Structures are given as structure tokens and as C-alpha cells.
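A quick write-up on the structure given underneath.
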Amino acid sequence: MKKKTLKMIASTVMLAFGMTVVPLPALAVSSNIVAETKDKNTLTISQIQDLAVIYNDNAKNLQLQKKQLELQEQTLRNNRRDIENSINSMGGSDAGSSAGIAAMQQTLAQLEAALKEKPKDAALNAQYAALKIQYESAMATQNSMAASMQSSLDSAISGIEQLNDSLDSIENGKDDLNKYTKDLETQMRYTAANLSLGIVQMDKGIELLEDQIALTEQSVKIAELQQKLGMNISTDVEKQQAALKEAKKGLEDQKESLSNLKRTLNLLIGRNAGNPLEVVPMNLPVAIDPAPAYTEKLIKQFTDNNYTLKTLERDKADLKEDGKNSNGELGSDELKKIDYDIEAKDQSIKDQKQAISDDLKALLAKINSDGEAYQVSRQKYVTEKKNFEYTQKKYELGMISSIQLQQAELQLKQAEMTNMSNGYTYYLDWQKYYAAEKGVDMSKF
């Protein structure tokens, strides 16, 4: 954004003002979502995302900052209007005195013409001499006033210029706030989805641990029976008992972690931390698509949309304009500092472009890597389902024990959980990509 300058504007020109106020984007949430979910303890991930956007304190703070900027902007506009009015009044106050001097000049010319015809006319000579003195005094006064007015004019123009620079800074600040608010919604949706999917996976993990504990309890009973029959030694029983104790401890830890995660999510969506909360599992991705190719065209697309880079380039342009419009008012040291600041911005721009390129490359690699892991786990899940069906038939035919059937079921549930975890990770990778593609900073998420 170019800064305005008034160095060459004449004193009689009235400045136009009244920048358009850019409204903050409306949050893309259902207006009834709060009422719809008020008495519900089981929520979909989509509902949780909407609530996270509505109740985000950072968004409210950004709105407050924008209102403060708008108030500062209006104050500066009022100050600028007052200075403009004073500039216009300078021209009006000078008009009367100029008209009086013009009338004196005309009368002097008439007297000079009359004296050419009557050079020895005493009355004419006396009138001419008196008017000449009055004229010279008026000219001296006007010149003095003109110098004073010029000084006031220069000061006024300088003041307007500083106000315009401040207004430009405020406009930039409002643009930044609009961008941050828009990005914040995307970031909050990602955070809400990430926490929600974590809860779903932890719930599934707890079910798996409970099944493992039930199986281990049976193994302990069998080991204790075998010991009584002399089929094993005490260390075998102790080993099974230790495994059971460890599994139960792991279950308690998982339940505590799940409780903390739900408390965090409840606070995020405007609820009391201890409220009951169940999350409806999200369908796993069906297609496993490779990430786009890492090309110069794709790098340019992400670079062009990166707001941090745009901000750095905007600041560099402002620095250049400061130096260009100094009109000799800045000393050599000040000009050198501007040059150094421009060099620093150039380096920051270079670093940011490299960071965009590196982050994009890493994100694409992660999508492909996690996509491959998801593909493998999905195939393994399919295989484990077939194995379990086969094991079930063997159990029905009396070929294996119930413990063997439980073990096969446990392997199936483990494969299901691994596949769920890989599928959700792959889904979140793509959400980061889509956000970064729009220029949203997801580096901390």
C-alpha cells in the first residue's frame, strides 16, 4: 500500500478523505448451532467446529482491536479536517488585504499620470507621497504576513502528511486484522477437528484396552489353575499377574487422558469443563490420493497467497517510499538507516520464500507418507476381518478355544484402531494443505 504525500499540494486544494471501512468476514457457522446443541452431550465434529469458532476468545479480541482502530481512524480524520479548514481560511483572510493593495496600486498609477501633466502641483505631490508611504507599509506588512502564512502552511501540510501516514498504518492494521480473523476460523476448525478425532481414537483405544484386560484376566486364571495342577511354576503366574496390573494401570491413564482432552474441548466450545461429551466418529477417507507434484508452479501459488510475505513486501515498499519522498528533509544517517532496513526486509523476504518452499515440500512428503501408511493399514484391516471370520468358523466347529477366538478379535480391533488413526492423520494432512493453499498460517498446528 502506497503512502500518500502532500509535499507538492497547493494551499487552496481541499483534500478528499473517507476511506472505506472493510468489514470483518462473517463467521461461516449456523446461526442456530448454539440452540441446536444446548442440551446435547453427543456432538458431530462439524457441530464442534462451529461452536469452537463462535466461542473463540481470540476472535473477540480481534474484533475489539478493530473497533479501537476504527475509533483512532475517525479521530485522525477529524484532526485532518480541522487542518484542511485552517488551510482554506488562510487563503480567505489574505483576499481582503490583496484587494486593498491592488486599489492603492491603481490610485498611485492615476496620480503618476496626473503628475506627468502637472509635475509642480503641490497637492498632487503631497497626496502621491502620502499614498506611496501607505502602499510601501502595506506591502511590507503583506510580505511579513505572507512569510508567516507560508510557515503556517508548511507546518499544516506537514501535519496532514503525518496524519495520512498514520491513516495508512491504520488501514494496514485493519487489513491485517481482517486476514487474521479469517485465518483464525480455519485454524480453530482444524484444532477442533484434531481434538475431536483424538477423543474418538482414545475412546477406541480404551475399548481395546478393556478387551485386552479381559483376555489377560482369563490368562491369569488359566495360569493359576495350571500351577495348582503342577503344569507351570509360580513365575509364570506372576508374569501374567504383572501384565494384568500393567494393563489396568494403562487403562486408568488412558481414561484420565481422555477426561483431560474432553475438558479441553468443552472449554473450546463454550461449555463447562466437566460437562459430559461424546464425539460422533467421522467417516474415514475413501480415496487415498497422492499429494500434488512439488513444482515451481505450485511453489509460486503458495508464495503468492502467503500473507506474511505480502506484509513484508508491503513494509519494504513503504520504506522505499519514505526515502523517495524525503525531499532532502532526512539526513544522511537517516537515509542510510532506511537503506539498511530495506536490506533487512529483503533478507526477511528471501527467508520467508525459502520457508514457504521448505514447508510445502515437507507437507507434500507427509501427505504421501501418511497416505501410504493408511493404505497399508486399510489392507491389513481387511485381511484381519477375513482372518477373524475364518477363526470364528473354527470356533463354531470346536476346533479352537474361546481364548483363541478372543485373541483373533483383539487383533482385528487393533488393526481397526491403527487404520482409524492412520486415516484421521491422512485427513488432517490434507486439511493443513488446503489451509496453506489459501495462505493460512498453519505452522503451529
Side-chain angles (χ1 to χ4, degrees), residues 22 24-29 45-46 48-50 52-53 56 58-59 61-62 172-198 201 265 268 282-316 345-375 421-445:
V22 182
L24 288 173
L27 298 177
V29 298
I45 292 177
S46 177
I48 290 170
Q49 287 178 310
D50 285 349
V53 170
N56 184 255
N58 289 331
N61 289 335
L62 290 175
N172 288 341
K174 286 163 60 180
D175 288 344
D176 292 343
L177 287 176
N178 288 338
K179 173 63 177 173
Y180 298 154
T181 303
K182 185 178 179 181
D183 288 0
L184 185 61
E185 180 175 341
T186 300
Q187 292 164 347
M188 290 310 302
R189 288 186 178 280
Y190 177 87
T191 299
N194 194 18
L195 290 173
S196 300
L197 294 176
Q201 293 177 73
L265 188 55
L268 192 72
M282 186 187 76
N283 292 331
L284 290 171
V286 176
I288 305 178
D289 299 319
Y294 182 66
T295 62
E296 291 297 327
K297 182 178 179 181
L298 189 65
I299 295 171
K300 184 178 185 304
Q301 177 188 343
F302 275 65
T303 300
D304 289 346
N305 291 338
N306 188 270
Y307 193 74
T308 300
L309 183 60
K310 289 180 180 178
T311 302
L312 289 170
E313 290 172 340
R314 180 187 70 193
D315 293 344
K316 176 186 171 182
K345 289 296 177 186
D346 281 332
Q347 185 61 48
S348 297
I349 289 170
K350 182 180 178 181
D351 293 344
Q352 180 64 17
K353 286 181 178 179
Q354 187 62 51
I356 295 167
S357 177
D358 292 344
D359 291 347
L360 175 59
K361 187 176 183 179
L363 180 55
L364 297 177
K366 192 172 189 305
I367 289 173
N368 287 331
S369 175
D370 290 341
E372 290 172 6
Y374 178 41
Q375 194 164 25
S421 177
N422 289 341
Y424 287 164
T425 298
Y426 177 69
Y427 163 80
L428 290 172
D429 288 343
W430 275 107
Q431 300 316 299
K432 276 191 176 183
Y433 175 86
Y434 296 138
E437 188 178 35
K438 294 186 295 184
V440 180
D441 182 9
M442 299 294 288
S443 59
K444 298 179 182 177
F445 293 82

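In this text the structure is predicted, and so the values were computed from the model without any measurement.
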Any carboxylate oxygen within less than 4.0 angstrom of a Lys/Arg side-chain nitrogen, looking at E296 and K300?
no
Working to the nearest 0.5 Å, report the span between OH of Y374 and OG1 of T425.
11.0 Å
Does any part of the side chain of K179, heavy atoms only, come nearer than 4.5 Å to the side chain of D175, both counted from C-beta?
no
Are any non-hydrogen side-chain atoms of N194 and Q431 less than 4.5 angstrom apart?
no
Please evaluate residues D176 and R314 with respect to the criterion salt bridge (charged side-chain N to carboxylate O under 4.0 Å, His left out), reporting the C-alpha separation (whole Å), side-chain torsions for both, the decisive distance (0.1 Å), and the verdict.
CA-CA 12 Å; D176 292 343; R314 180 187 70 193; 3.2 Å; yes
Once you round to the nearest 0.5 Å, how far does CG of N56 lie from OG1 of T181?
9.5 Å
Could you give the distance from OG1 (T303) to CG (L298), rounded to the nearest 0.5 Å?
9.0 Å
To check you understand the geometry: which heavy-atom pair defines the closest contact between G423 and L284, and what is its length?
CA-CD2, 4.0 Å
Which pairs of donor and acceptor atoms, one on a side chain in residues 346-354, lie under 3.5 Å apart (sequence neighbours left out)?
unit_1	atom_1	unit_2	atom_2	d
D346	OD1	K316	NZ	2.6
Q347	NE2	D351	OD1	2.9
S348	OG	A344	O	3.1
Q352	NE2	N306	OD1	3.0
Q354	NE2	D358	OD1	2.9
Q354	NE2	D358	OD2	3.4

Between CG of D315 and CD of E313, what distance do you get to the nearest 0.5 Å?
10.0 Å
Between T191, L268, I45, which is the residue that forms a side chain to side chain contact (heavy atoms under 4.5 Å, CB included) with S196?
I45
Taking all non-hydrogen atoms of both residues into account, name the closest pair between A52 and M188 and its distance.
O-CE, 4.1 Å
Do Q49 and V53 have side-chain heavy atoms sitting under 4.5 Å apart?
no
Going by the ring pair (Phe, Tyr, Trp, His ring centres under 6.0 Å) test, name the single residue among Y307, Y434, Y433 that passes it with F302.
Y433
Reported CG-to-CD1 distance for the pair L265 and I48, which is rounded to 0.5 angstrom
5.0 Å
For L428 versus A193, what's the shortest heavy-atom pair and its separation?
CD2-CB, 4.5 Å
Could you report the tightest heavy-atom contact between W430 and P292, atom names first, then the distance?
CH2-CD, 3.9 Å
Output a table of donor-acceptor pairs, distance under 3.5 Å, between side-chain atoms of residues 361-370 and any protein atom two or more places apart or on a different chain; print 'none' if there are none.
unit_1	atom_1	unit_2	atom_2	d
K366	NZ	D370	OD2	2.7
K366	NZ	D429	OD1	3.0
N368	OD1	A291	N	2.8
N368	ND2	L364	O	3.4

Just do the side-chain contact (heavy atoms from CB on, under 4.5 Å) check on D50 and R189 with the steps written out, would you?
CA-CA 7 Å; D50 285 349; R189 288 186 178 280; 2.9 Å; yes
Could you tell me which residues satisfy side chain to side chain contact (heavy atoms under 4.5 Å, CB included) with A435, sequence neighbours excluded, listed by chain and number?
T186, V440, M442
